[in-house]
Each structure stands twice: as C-alpha cells, then as structure tokens.
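Read the structure below first, then the notes.
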Amino acid sequence: MEAAALLSPTATSRSPLPLLSTAPAAHRLHVLLPLSGRRRRLCLRSSPRPRGSLGCAGDSVVRSMGSSRERGVLVKTSSSSASVESATQEVGAASSGEWSGDAIRRRFLDFYAARGHKILPSSSLVPDDPTVFLTIAGMLQFKPIFLGKEPRRVPCATTSQKCIRTNDIENVGRTSRHQTFFEMLGNFSFGDYFKKEAITWAWELTTKEFGLPPERLWISVFQDDDEAFSIWHNEVGVPKERIKRLGEDDNFWTSGATGPCGPCSEIYYDFYPERGSSDADLGDDSRFIEFYNLVFMQYNKKDDGSLEPLKQKNIDTGMGLERMARILQKVPNNYETDLIFPIIEKAASMALVSYTTADDAMKTNLKIIGDHMRAVVYLISDGVIPSNIGRGYVVRRLIRRVVRTGRLIGIRGDGHGNSEGAFLPSLAEVAISLSTEIDPDVESRRKSILGELQREELRFVQTLERGEKLLDELLDEALSSAGNNGGKPCLSGKDVFLLYDTYGFPVEITAEIAGERGVIVDMKGFDMEMENQRKQSQAAHNVVKLSVGNETEIVKSIPDTEFLGYDSLSATAVVKGLLVNGNSVNVVSEGSDVEIFLDRTPFYAESGGQVGDNGFLYVYGEEDAKQKAVVEINDVQKSLGNIFVHKGTIKQGSVEVGKEIDAAVDAKLRQGAKAHHTATHLLQSALKSVIGSETSQAGSLVAFDRLRFDFNFHRPLSEEELMKIESLVNQWVSSATHLETKVMDLQDAKNAGAIAMFGEKYGEQVRVVEVPGVSMELCGGTHVSNTAEIRGFKIISEQGIASGVRRIEAVAGDAFVEYVCARDNYMRRLCSSLKVKAEDVNGRVETILEELRTTRNEVSSLRSKIAVLKAASLANKATTIDNTRVVVENMGDVDADGLKSAAEYLVDTLEDPAAVILGSSPGDGKVSLVAAFSPGVVKMGIQAGKFVGGIAKLCGGGGGGKPNFAQAGGRKPENLPGALEKARDEIVAAISSKSS
C-alpha cells in the first residue's frame with residue numbers, strides 16, 4: 001500500500017514571524033546525528049576526516065513558504081574580547097538545568113520556524129534509498145531535491161533527524177562523543193537563502209538563543225572560501241585569529257566523483273579559551289568540539305573534475321543535539337546528558353553499582369549500554385528485526401553487545417525478581433520513556449519492542465553458553481598442540497574473533513579464561529580481524545551518494561504526469577518524450593522497445609507494492625482516423641518524482657513526440673490488481689485481529705494474479721490461526737461493503753486511525769482508503785468499489801523469510817476461482833488414483849506412508865547387516881603400524897548408514913589402539929566417508945573429525961564430528977580411490993610420528 005501523490009501545495013503567509021514560535025507538538029519530532037566516527041561531515045564525504053565534526057540533517061518537504069528576503073536577516077554581531085575562563089564557566093543565558101535535550105530541540109526548530117522554515121518530522125532509520133544502508137544524515141530524505149529529481153515543495157525546512165552509524169562502534173563509550181544513535185538538528189534551503197543567511201542565523205542561534213559566549217566559539221572555513229571568511233569576520237564579527245582556513249579534505253564537501261558539491265564552514269566550542277589562539281588545533285578533541293556544520297552546496301563537479309556553479313544553490317546543515325546538550329548541560333561527555341544518562345543510571349542500578357564512584361572500565365561499559373539501547377529501540381520501532389543479514393544484523397550485533405556487556409558488569413535477571421529473565425526490556429522501558437518528542441510512534445510500539453528484545457536476549461544467552469563450550473574445546477586444542485610441538489599454548493586471533501563476532505564473547509573474558517588455563521591470546525591477530533571488519537563496514541554503509549544520471553537531463557523538461565486511472569481505464573494523451581536504450585529520440589518505429597512519457601495517463605505506475613498496469617497505446621491518422629500504430633505496454637514505472645514511464649514494444653507503425661495517442665489499460669489485469677490490493681488491506685486487518693494489533697507490515701506485492709504480504713511476527717502461524725484469518729477475510733468479502741476513498745490532511749488521517757505503510761513518504765495531503773468498520777489505510781493504489789468484487793480469498797502459503805518476519809501468499813478475485821478449480825481437479829484425480837472418496841484421502845495417504853517407512857527401515861537394516869558382513873572380512877586385512885591396527889578400505893556402493901555400522905563394528909572388533917577409515921559411492925554422484933578411532937588413537941592427539949574433513953575435501957565435500965567418530969560426504973566419486981590412498985598415507989604417518 002502506498003502513499004498518495006502530493007496534492008497541489010498551498011502557499012503560506014509571508015508575513016514576518018516572531019523570534020520564537022510555538023510549534024505544534026506534532027511537529028516536535030527530532031533527529032539523530034552521527035556524532036560517532038572520525039568523520040563528522042555526515043553529509044556524504046567519501047573520504048574520512050581526521051577530526052570530529054557534524055553531519056547534515058534532512059527530511060522530506062511539503063509545501064511553499066516565504067523567501068529569505070521576507071524573513072529578515074540578523075544584524076552584525078560584534079565579538080567580545082577573549083577572556084580567560086575555566087572550562088566549567090556558565091554557558092547560555094539560562095542555567096544548565098533549564099537546557100534539557102527536549103528544550104534544545106524545540107528551541108532549534110522554533111528558531112528556524114520563526115524564519116520561514118517548515119518543521120518536518122524525522123524520517124525512518126530505514127531510508128527510501130537503495131544506495132544507503134541506514135539513515136546516517138539528516139539531509140538524506142532531501143537527496144532527490146538536491147539532485148533535481150524532485151521539485152521542492154517548500155523553499156526551506158528544518159528537522160530533527162534520527163540517525164545511526166556503526167562504523168566506529170568500538171569507540172563508543174571510550175571517547176566523549178562517539179555514538180551509534182544520535183539526533184541531527186538541521187536547517188535546509190532549496191534555492192532560497194544562501195551563505196550569508198545561513199552563517200548569520202547560525203551565529204544568532206548559537207550566541208543569542210543558546211547563549212554561548214562568543215569568545216568561546218571558533219570557526220573553520222574552506223581555504224579558498226573568501227566569501228564565508230568575510231561574512232564571519234566583517235558581518236558577524238569573529239576575530240580573524242579564531243577563523244581557521246582548512247583544506248579540501250576537511251572543509252569541502254563532495255557527493256562523489258561527480259555531482260553537487262561545495263565548501264563547508266563549522267562552528268567549534270572551546271572548553272579551554274585560556275590556552276590562547278596561538279597554534280590552536282581545531283582537531284584537538286580535548287579542547288574543541290565541533291557542534292554545527294554548514295554546507296554551501298554551490299557547485300556541480302563535472303566528469304573532468306572542473307566545477308561549474310549550480311543554478312540552484314542549496315544549504316544543508318547539521319547540529320549535533322547530544323553535543324549541544326553536553327555543552328549547555330556542562331557535562332564531560334555526550335553520555336552524561338539527559339538524553340542518555342537515565343538509561344545508564346538504570347543499568348548501573350541493575351548491576352548494583354554507582355556510576356559516580358565506578359572506575360573507568362565500568363563507566364565505559366555503562367556508556368556502551370546507554371548508547372546501544374537507544375539505537376536498538378529506535379531501529380526495532382522502525383521495523384528492523386534482529387537477523388543475520390543486512391540491517392537486521394546491525395540490530396542483532398548491538399543487542400548482543402549490550403547483553404554481553406551487561407553480563408560482564410554483573411547484571412543478572414530482569415530487575416523484577418526473575419534471575420533467569422531478560423534485562424533488556426527494563427532498560428528499553430527507560431529509552432522508550434525518553435522518546436516522546438523524538439518519535440511518538442515508539443511508545444505505541446512498546447509491546448512489540450519489548451517482546452523482540454526479550455526473545456533476542458534469551459536466544460543469545462543460549463548462544464553465549466555454546467560459545468563457552470567452543471572456547472573450552474579451542475583451549476584444549478591449543479594446549480594439546482603446544483604439548484606436541486613443545487611451544488607455548490596460544491589461542492589464535494581468528495578464533496578469538498570468531499568467539500567475539502559469532503558468539504558474542506567479550507575478548508576480555510576470552511583472555512581471562514585463557515590465562516587461567518595458561519594459554520595466551522593472539523591480540524595482534526584479533527586486532528587485524530577487527531580492522532578488516534571495520535573497513536568492510538565503513539566501505540559499505542557510511543556514504544550517501546549524490547550523483548546526477550543521464551535520466552535527469554533527458555526528462556527534466558517533462559512535466560509531471562496527470563494520473564486518471566482512479567476513474568477511467570482509457571484516455572487521450574500527448575506523447576511528451578521517447579527513450580530508446582536510455583537515449584532521447586523523436587520517432588520510434590515498429591519492433592523497437594521504447595519508454596514513453598505522456599502528459600496524462602490511465603495507467604497505474606508501480607508503487608506501494610502494486611505492479612504497474614499493462615495495456616496498449618494506439619495512434620490514429622489525423623485525417624482518416626485509421627489505426628497507424630500500436631504499442632503494447634508491459635510495465636509502468638515512476639521516474640524523478642511523479643513522471644510515469646510507459647515501457648513497451650512498438651507492434652505496428654511508429655510513434656512520434658508531440659503526437660496524440662489513445663491509452664487503454666487491460667481491464668481484466670487491472671481488476672485482478674484491484675481485488676488483490678483490497679484483499680491485502682483486509683488481510684492486514686485480519687492479522688491484527690487474530691494474532692495481535694502489534695504486528696505490522698514489513699512489505700508487500702500486489703500483482704494481477706496473487707498477493708504477498710510480509711509482516712513482523714516472531715513465530716509461525718498455526719493452522720487454526722490461518723483458518724481464522726482466511727475466514728475473517730471471506731466474511732468481509734461476502735458482506736459486500738462499499739469502499740470509501742477521500743483525501744485528508746496527514747495528521748487528521750492518523751488521528752482517525754488510518755494505518756501508514758512503513759517506509760513510505762507522505763505529504764501533508766494523503767489519500768485514505770477505508771473499508772468501513774474493517775480497515776482504514778493511507779494508500780494511493782487502485783481498489784475495488786465493493787468488497788464483493790473480490791469474490792473469494794485463499795491463503796496459499798505462510799513462511800518465515802527472516803528472523804521475526806513472516807510472509808503470507810494468497811489469491812483473490814479470478815485468481816481465487818482458478819486456484820480453487822485447479823485444486824478441485826487435482827483432488828478428483830487423486831481420488832481416482834487411490835480409489836477413495838475425497839474425505840478418505842488423508843487416511844489412505846497416511847497408510848501408504850507408514851507402509852513406505854516400514855519398508856525403508858527393513859531395507860536399511862538389511863543394508864547395515866550386509867555392510868557389517870563385508871566389514872568382518874576386512875578385519876583380517878588390517879595392517880599393524882607400531883602396535884596400532886589400521887583399516888582403510890573402499891566399500892563400494894554401501895550407503896552412509898551402512899558405512900557407519902561397518903566402521904563401528906570394526907573399531908569394536910579390532911584391539912585398541914585401532915583406526916578405521918572407510919569410503920563408498922552410494923550413487924547419484926555422492927561420496928560417503930567415515931573415520932572411527934579407538935581411545936588409544938585419540939590419546940595420541942589424532943582426531944577423527946579433523947582427519948576426515950581434510951580427506952573429504954579431495955572428493956569435493958566436507959564434514960567432521962567428534963575426536964573418536966566422524967562422517968563426511970562429497971560430490972566427486974571419481975576421486976574416492978585417490979582420497980583413500982591419501983588417507984592411508986596420512987594415518988600411517990600420524991601414528992608413526994606419535995609413536996617415535
């Protein structure tokens with residue numbers, strides 16, 4: 001289900017606004033800023049920064065506002081002379097107690113709202129951008145506007161954006177500023193105001209609103225940006241000695257090899273002004289913190305590296321909320337601000353320690369817990385469920401760090417008397433209580449967040465226990481290996497990293513346990529593994545790319561497409577553009593694949609999960625009205641905002657730009673899409689009714705012949721639940737209820753109970769589709785007018801597709817009738833073959849299956865007996881190597897079970913010590929291998945699991961097992977003879993070396 005297309009924007013008043021506005025509570029949503037990372041210019045720098053700085057912020061925009069000329073520009077502010085002050089001097093006009101994180105956020109947003117900016121809510125942490133892993137910068141939702149792919153809907157905006165960065169996760173808690181989750185406050189101009197207003201407003205906000213002493217503020221500018229330097233010095237009044245010119249690596253933002261770019265300017269707070277300005281280094285984190293970053297997007301970087309001025313100059317800024325809170329609240333680090341510290345205090349109380357009196361190691365662990373709990377709460381709220389892939393792995397990794405860190409500092413139990421319970425939900429309760437003004441939806445998702453955290457923690461505790469067993473095995477192996485080689489026992493860095501990354505074992509615990517058993521840890525190797533992972537993470541997830549493709553140039557002159565498909569399946573339109581192989585052409589002839597742009601269309605373009613329409617375009621003669629051309633349309637997509645791209649093939653004649661055409665949608669296929677789309681809405685309502693209202697949509701597909709619905713849930717649905725869901729939907733279908741569609745204000749729609757699709761962008765005006773008494777959703781898709789048109793609904797399958805995500809596939813409409821008829825035909829044929837009635841099919845099949853199982857067991861038993869008989873003859877062929885009996889033989893086509901029985905028989909029959917290695921080719925290109933070693937051989941340090949695995953690789957396979965018994969397989973039976981010869985040589989050599 002999709003968001004409705006934005007309706008016509010409504011201009012707002014351009015009258016001057018008061019200095020501080022009282023923004024509606026609904027607008028007081030906020031952002032988070034990547035304060036972690038050595039590179040703070042979150043706005044998209046591809047190369048790392050050597051110093052800390054902020055990122056940019058952003059969000060989607062909605063409607064027109066006044067220009068900068070009508071908002072007024074601040075007058076020149078003179079700087080006070082530098083004074084010698086301690087780092088703890090009072091900052092701000094108000095006391096630090098008045099500067100809560102919520103107050104700072106509101107003050108920022110209200111300041112820019114009073115200057116004509118539209119306050120917009122934070123976007124999801126899951127970006128609507130395939131090039132970005134998670135939302136790492138406030139500007140991300142404005143990316144299409146900065147690229148010129150979407151028109152601006154307001155001249156300027158201000159946001160507080162939730163952000164996540166995990167590339168510097170190891171620094172969290174160890175520095176004063178690194179975080180995984182943060183809020184980025186930002187103000188943005190889309191071709192409205194530029195450098196002068198951005199700088200003067202930033203200074204006014206910082207010194208007047210937040211009351212920071214001017215003498216404590218330092219400025220950085222790009223080395224060639226004389227304009228910015230002049231504004232800071234001549235108009236704002238910052239002394240030259242406190243304005244630093246920095247190079248391209250530090251103060252010039254680029255989006256990539258080509259595309260929008262421009263110089264930056266940053267504001268730093270000086271904790272120790274008494275150190276003077278001589279040789280001051282803004283990269284000195286002990287003295288300075290960058291808290292506000294201004295990006296002046298004024299150039300386009302061309303393929304040859306040259307810069308050309310942008311026609312529309314933009315402003316993109318970012319202020320770190322946690323950093324500003326640290327300054328105003330006068331605390332030594334971001335973690336001790338009121339944005340994070342309540343979580344830390346809760347963790348400390350559960351660990352029965354005091355943060356105030358704790359040592360540095362304990363404080364670091366508590367900071368990790370405080371930071372990560374915020375991150376996982378907001379990620380789960382935004383629909384990211386723990387898993388082993390993609391974004392889900394980020395959540396899982398953060399959760400596991402909290403669990404292992406909590407256990408390390410002594411947290412046991414849920415804090416409510418259950419010593420075996422999960423403690424994460426108790427910490428999450430605090431994080432949720434702090435979320436009201438950041439993201440109000442978090443509170444409404446409390447139940448699902450707490451449930452997911454509890455399940456994940458309890459699962460991971462079991463994983464930790466498995467890790468302990470693995471560690472014991474690795475230590476045994478290290479001690480055994482050292483004893484045989486005469487060296488010092490050492491646990492490899494690779495094994496330590498495996499314990500850390502896969503099993504969540506803290507390296508400190510690994511080192512401590514290893515030390516108790518006299519085993520050293522290869523920390524250098526571990527650090528190398530960690531660095532490799534860190535590089536992969538940085539390369540994959542921490543750059544927002546802005547690049548302008550050819551399509552922008554091709555269609556920038558084409559207007560938005562008027563969609564007529566809600567009311568009509570046919571229309572007359574004008575061809576506005578043609579593309580063949582990505583190139584713009586004026587005429588396309590028969591046989592060519594083409595992309596066609598029309599001024600208006602009845603064709604639905606794929607969006608919100610619903611596929612694009614199919615149909616035909618017809619061109620008629622201007623004089624004789626005869627058909628001149630036919631285009632078969634097989635897909636319709638949206639490009640650059642609201643431009644529809646009709647993809648198809650010229651079946652007859654030619655199509656020319658500027659000519660009139662008749663567009664006709666395939667009515668049968670459209671009806672199928674409509675039935676499945678409305679059925680999807682009913683399915684979601686039924687799911688919420690049967691399994692709980694906390695379940696939410698995680699994706700969907702609405703096709704002509706089926707629907708697919710992904711939803712967040714932690715277990716498979718039972719047959720009884722599926723039947724209830726199916727029955728509910730069919731009950732609503734048969735009730736023949738008329739659907740109602742209307743356009744409403746977004747907030748009014750939400751207040752009325754309309755469900756918003758996760759991850760979709762919505763404007764201020766949205767389309768609401770309602771099945772009265774059953775379902776109400778924000779949706780721009782096509783629907784039936786009455787539920788009776790759905791005809792029937794049938795669930796085909798229900799399965800898990802990721803941890804915590806389930807998928808239902810179903811059919812409705814004509815597809816439902818076809819499916820039921822086909823299944824009825826299959827049943828008739830089955831009844832005929834089994835010679836029973838339909839109601840007796842299950843019983844008959846169960847009888848046949850039981851007979852088959854009995855027969856197979858008998859065959860398997862006979863094969864095992866035959867294998868043992870063969871093995872009896874092999875016992876006489878055993879060779880003796882230093883008093884150890886050895887059998888290595890090929891047993892032909894004996895299956896794996898028979899091979900196992902033969903090996904067990906031989907190792908029991910032969911005197912200890914004995915080593916038995918058998919192989920076979922049971923057919924179908926398979927190889928089976930087994931190794932059975934008696935206790936005497938195992939005591940020599942020869943292990944069956946490791947031995948047979950190496951041999952299996954020669955046969956294109958692998959395997960393993962216990963030290964005394966192991967099985968393996970392969971896919972290259974032709975290599976079996978050679979593999980067994982190698983096995984013979986290796987076992988003889990191993991026994992000989994141990995005996996000498």
Side-chain angles (χ1 to χ4, degrees), residues 469-470 472-487 489 495 517 519 864 867-892 894 896-920 927-955 957-970 975-996:
K469 293 176 66 176
L470 175 61
D472 285 340
E473 293 176 8
L474 292 172
L475 292 174
D476 287 340
E477 185 179 330
L479 289 166
S480 174
S481 177
N484 294 328
N485 300 326
D495 286 338
R517 298 188 57 181
V519 178
S864 293
V868 169
L869 289 174
K870 287 185 178 181
S873 65
L874 295 179
N876 298 324
K877 296 183 180 181
T879 57
T880 302
I881 309 296
D882 294 330
N883 296 320
T884 300
R885 307 273 282 170
V886 177
V887 175
V888 181
E889 292 291 340
N890 187 335
M891 296 195 67
V894 173
D897 290 337
L899 206 64
K900 177 176 180 289
S901 298
E904 290 172 340
Y905 170 83
L906 282 169
V907 82
D908 289 341
T909 302
L910 298 172
E911 295 181 3
D912 188 21
V916 177
I917 302 158
L918 304 177
S920 67
V927 172
S928 291
L929 290 163
V930 64
F933 295 167
S934 70
V937 174
V938 175
K939 287 181 180 178
M940 296 180 192
I942 307 173
Q943 298 187 7
K946 292 187 176 181
F947 187 90
V948 79
I951 301 304
K953 289 181 180 178
L954 300 176
C955 297
K962 299 178 181 178
N964 66 317
F965 190 88
Q967 289 179 284
N975 292 354
L976 179 60
L980 290 174
E981 282 301 317
K982 183 172 178 61
R984 185 188 305 277
D985 293 342
E986 289 188 358
I987 192 64
V988 168
I991 293 171
S992 299
S993 67
K994 302 297 180 181
S995 301
S996 59

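Bear in mind the structure is a predicted one, so any value in this text is a computation, not a measurement. Along the sequence shown, residues carry numbers from 1.
Side-chain contact check for Val519 versus Leu479: some heavy-atom pair is nearer than 4.5 Å. Counting heavy atoms from C-beta outward, Ile987 and Ile881 have side chains that stay 4.5 Å or more apart.
Lys962 and Ala944 get closest at one heavy-atom pair: O-CB, 3.6 Å. Nearest heavy-atom pair, Ile942 versus Ala990, reported as atom, atom and distance to 0.1 Å: CD1-CB, 3.8 Å. Contact between Ala896 and Gln967 at its shortest, heavy atoms only, is O-NE2, 3.7 Å. For the pair Ala931 and Val948, the tightest heavy-atom approach, listed with the atom from each and the gap, is CB-CB, 4.1 Å. Ala952 and Gly969 make their closest contact through CB-O, 3.8 Å (heavy atoms, listed as atom of the first residue, atom of the second, distance). Among all heavy-atom pairs drawn from Ala932 and Phe965, the shortest one is CB-CD1, 3.7 Å.
Rounded to the nearest 0.5 angstrom, Leu474 CG and Asp495 CG are separated by 4.5 Å. For the atom pair CD (Glu981) and CG (Asn975), the distance works out to 13.5 Å, reported to the nearest 0.5 Å. Here the CG-OG distance, from Leu899 to Ser920, works out to 4.5 Å after rounding to the nearest 0.5 Å. In this structure, CZ on Arg984 lies 11.5 Å from CD1 on Ile951, to the nearest 0.5 angstrom. Note that the CE atom of Met940 and the OG atom of Ser993 stand 9.5 Å from one another [nearest 0.5 Å].
By the side chain to side chain donor-acceptor pair (under 3.5 Å) test, Glu986 pairs with Lys982, sequence neighbours left out. The side-chain contact (heavy atoms from CB on, under 4.5 Å) search around Val927 returns Leu929, Cys955, Pro973, Leu976, not counting sequence neighbours. Partners of Lys953 by side chain to side chain donor-acceptor pair (under 3.5 Å), not counting sequence neighbours: none found. With sequence neighbours excluded, the residues that form a side-chain contact (heavy atoms from CB on, under 4.5 Å) with Asp472 are Arg517. Residues meeting the side chain to side chain donor-acceptor pair (under 3.5 Å) test with Lys939, sequence neighbours left out: none.
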Inset, instruction - Step by step, work out the side-chain contact (heavy atoms from CB on, under 4.5 Å) result for Val907 and Asn964. - result: CA-CA 10 Å; Val907 82; Asn964 66 317; over 6 Å; no
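Formation of a donor-acceptor pair under 3.5 Å by the Ser480 side chain with backbone atoms of Asp476 is not found in this model.
Each of Leu906, Val916, Leu918 was checked for a side chain to side chain contact (heavy atoms under 4.5 Å, CB included) with Glu889, and the lone residue meeting it is Leu918.
Among pairs with a residue in residues 899-920, those fulfilling salt bridge (charged side-chain N to carboxylate O under 4.0 Å, His left out) read Lys900-Glu904, at least two apart in sequence or across chains.
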